[in-house]
Participant: 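Let me give you the structure first, and then I'll get to my questions.
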Amino acid sequence: MKRSVVFAWAAASAFLAGLFVWLAFFWEPDPAGYAGGARQETAASRPNYLAGGDFTLDGPDGKLSLHDYRGQAVLIYFGYTFCPDVCPTALAVIAEALRALPPEEAARARGIFISVDPERDTPDVLKAYAPFFHPGIVGATGTPEQVAEVARRYGVLYMKQKPIDGRPYTVDHSSMTYLVAPDGALAAVLPHGASATEIVAALRKTLAAPPAN
Ligand code: NI
């Protein structure tokens with residue numbers, strides 16, 4: 001086989017293997033668990049690979065912790081700035097949702113873009129990238145170990161790919177949007193392709209809910 005064919009075959013195999021792993025983790029055939037495209041999470045229904053929870057990473061102005069956002073609804077997305085289309089699309093939809101909120105709710109909603117590519121996405125790179133979509137979205141990252149730990153708790157899968165033909169490497173990654181309630185608990189996991197309208201509905205529901213404690 002030609003080298004390029006071997007490459008394509010290996011890439012396809014790797015993708016399929018990743019897909020199976022992803023399906024094994026995420027595919028749940030129970031439609032009752034889904035509401036308006038978003039799976040509403042509760043302590044009782046949440047599988048342990050979706051523990052969520054607090055984290056501290058490097059933000060645009062030093063350390064950034066999820067608990068800094070207590071009292072606000074936070075949309076978290078994991079990706080990387082070199083991503084050719086998936087991340088920009090998802091962030092654009094998140095930005096559209098934030099813009100669509102009424103002012104008093106918009107004041108209580110934020111976005112955090114967590115880079116799974118800290119090698120290239122320094123806090124300064126992220127500081128220039130994330131607010132481009134919406135001023136309420138900040139970028140954060142950390143050491144590879146820190147990022148891996150947060151990703152594990154949110155059920156995020158990602159894998160750096162070998163560069164092909166001298167082009168910059170890509171990072172395959174799952175593409176969910178995580179909604180964290182004002183009390184810091186993971187409230188919903190929105191699939192890639194969720195519309196701004198669906199995200200707005202999930203945000204408003206979370207902001208309207210009384211504190212869980
Ligand atoms: Ni991406």
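Worth knowing before you read on, the calculation uses all heavy atoms, side chains too, and leaves out hydrogens, waters and symmetry mates. Start at 1 and go down the list; that is how both ligands and their atoms are numbered.
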Participant: I would like to know whether Arg108 and Glu104 meet salt bridge (charged side-chain N to carboxylate O under 4.0 Å, His left out); could you show each step before the answer?
Facilitator: CA-CA 7 Å; Arg108 296 179 59 213; Glu104 60 279 9; over 6 Å; no
Participant: Could you pull out the N/O/S protein atoms under 2.8 Å of the Ni ion (ligand 1), ignoring any water?
Facilitator: Cys83 SG, Cys87 SG, His173 NE2
Participant: Establish, yes or no, whether a centroid distance under 6.0 Å links the rings of Phe82 and Tyr169.
Facilitator: no
Participant: Does one side chain, of Thr141 or Asp121, offer a donor that lies under 3.5 Å from an acceptor on the other?
Facilitator: no
Participant: Do Asp117 and Arg120 sit within salt-bridge range, that is, some charged N less than 4.0 Å from a carboxylate O?
Facilitator: yes
Participant: Between Tyr80 and Thr170, is any side-chain donor less than 3.5 angstrom from a side-chain acceptor?
Facilitator: no
Participant: Can you confirm whether or not the ring centre of Tyr129 sits under 6.0 Å from the ring centre of Phe113?
Facilitator: yes
